[in-house]
Amino acid sequence: YAEELEKERVVRDKIREVVSEVFLVLRAAEFTLGKVHSVTDKPHLMRHIAKLVRQEFRRLSGLWDRLLNVLEASQQESGRGQRYRGMWSSAISSLCSAAAMVKFLEDQTLVSMSECTAMLHVPTTLIAKAQLDREQQQQQQ
């Protein structure tokens, strides 16, 4: 039993580590986007801010890969990977708000959820995993 708990802790720590890095990207994006209010009358500066945030978003693709690796491993281990879905799905939804703002700064349009996850470089396998976990949870209730 202690061995199980240890495996569980390792998975949780790995996921937490990746998610905290994702949140660092989010904070950097929000910090940069926070400068927008001072340049609302300068469209070229607004687009420049959007470009800076998109560069931040590029850092995400490596993080999603790491997250997927941890989830895959934990899934094979014990099928407990979905227990931590809340940790990273909240990160994705917070990032989506930032991505929506970036898109709006670029061309004053609103984004769909799929456009948003594409901007954030979220792999479709991760999105599918979130979908699957959600369905499994609903069936259990």
Side-chain angles (χ1 to χ4, degrees), residues 2-141:
E3 200 176 290
E4 278 299 298
L5 283 177
E6 182 55 25
K7 282 179 187 171
E8 191 77 5
R9 189 190 62 74
V10 168
V11 169
R12 192 178 54 236
D13 289 351
K14 282 182 182 171
I15 293 175
R16 192 175 287 138
E17 185 186 313
V18 176
V19 170
S20 63
E21 286 185 51
V22 169
F23 273 112
L24 284 176
V25 173
L26 174 65
R27 277 195 213 95
E30 287 177 336
F31 177 77
T32 307
L33 287 170
K35 304 201 176 315
V36 165
H37 63 84
S38 60
V39 297
T40 45
D41 53 341
K42 302 178 184 80
H44 68 287
L45 284 177
M46 287 167 63
R47 283 192 297 277
H48 179 65
I49 286 175
K51 193 174 133 196
L52 292 174
V53 176
R54 273 191 183 268
Q55 286 171 346
E56 280 297 322
F57 287 164
R58 275 195 210 104
R59 290 173 41 201
L60 291 169
S61 59
L63 294 175
W64 299 135
D65 292 342
R66 277 175 46 200
L67 181 59
L68 272 172
N69 291 339
V70 174
L71 292 173
E72 290 303 315
S74 72
Q75 218 58 15
Q76 288 156 5
E77 199 81 15
S78 57
R80 292 192 181 135
Q82 72 253 29
R83 180 182 293 184
Y84 306 110
R85 187 175 53 82
M87 284 167 121
W88 48 272
S89 57
S90 65
I92 291 177
S93 49
S94 302
L95 279 162
C96 273
S97 308
M101 189 165 172
V102 167
K103 187 74 176 129
F104 189 76
L105 289 178
E106 288 170 340
D107 53 19
Q108 283 68 57
T109 58
L110 301 173
V111 284
S112 67
M113 191 63 176
S114 59
E115 284 175 300
C116 175
T117 51
M119 278 175 75
L120 299 169
H121 309 282
V122 182
T124 47
T125 39
L126 192 58
I127 297 165
K129 197 175 264 306
Q131 223 74 47
L132 193 72
D133 291 346
R134 213 169 290 126
E135 287 162 15
Q136 284 173 348
Q137 273 180 336
Q138 285 166 352
Q139 285 167 1
Q140 286 165 3
Q141 286 168 359

Show me, pair by pair, the donor-acceptor contacts under 3.5 angstrom made by side chains of residues 45-52, not counting sequence neighbours?
none

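When all heavy atoms are compared, the tightest approach of A29 to F57 is CB-CE2, 4.0 Å. Of all non-hydrogen atoms in L110 and E115, the two that sit nearest each other are O-OE1, 4.1 Å.
For A91, the side-chain contact (heavy atoms from CB on, under 4.5 Å) partners two or more places apart in sequence, or in a different chain, are V19, V22, F23. Scanning for side-chain contact (heavy atoms from CB on, under 4.5 Å) contacts around T125 gives L68, P123, with sequence neighbours left out. Residues satisfying the side chain to side chain donor-acceptor pair (under 3.5 Å) criterion with S97, sequence neighbours excluded, are absent altogether. By the side-chain contact (heavy atoms from CB on, under 4.5 Å) test, D13 is found to be paired with R9, R16, residues two or more places apart in sequence or in another chain being considered. The side-chain contact (heavy atoms from CB on, under 4.5 Å) search around E3 returns K7, not counting sequence neighbours. Scanning for salt bridge (charged side-chain N to carboxylate O under 4.0 Å, His left out) contacts around R58 gives an empty result, with sequence neighbours left out.
Side chains of V10 and K14 form a contact here, defined as non-hydrogen atoms less than 4.5 Å apart. M101 is listed as a side-chain neighbour of V36, based on a closest heavy-atom distance under 4.5 Å.
Pairs engaging residues 97-126 under the disulfide (SG to SG under 2.5 Å) rule: C96-C116 [sequence neighbours left out]. Here side-chain hydrogen bond (donor to acceptor under 3.5 Å, both in side chains) pairs that include residues 18-39, with residues two or more places apart or in two chains, are E21-R66. The stretch residues 100-111 participates, sequence neighbours left out, in these side-chain hydrogen bond (donor to acceptor under 3.5 Å, both in side chains) pairs: R54-E106, K103-D107, D107-T109.
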Please evaluate residues V102 and V111 with respect to the criterion side-chain contact (heavy atoms from CB on, under 4.5 Å), reporting the C-alpha separation (whole Å), side-chain torsions for both, the decisive distance (0.1 Å), and the verdict.
CA-CA 10 Å; V102 167; V111 284; over 6 Å; no

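Here the CG-CG distance, from L67 to L60, works out to 11.0 Å after rounding to the nearest 0.5 Å. Within the model, atoms CG of L63 and NE2 of H121 stand 11.0 Å from one another, a figure rounded to the nearest 0.5 Å.
Screening T124, L126, V122 against T117 for a side chain to side chain contact (heavy atoms under 4.5 Å, CB included) leaves a single residue, V122.
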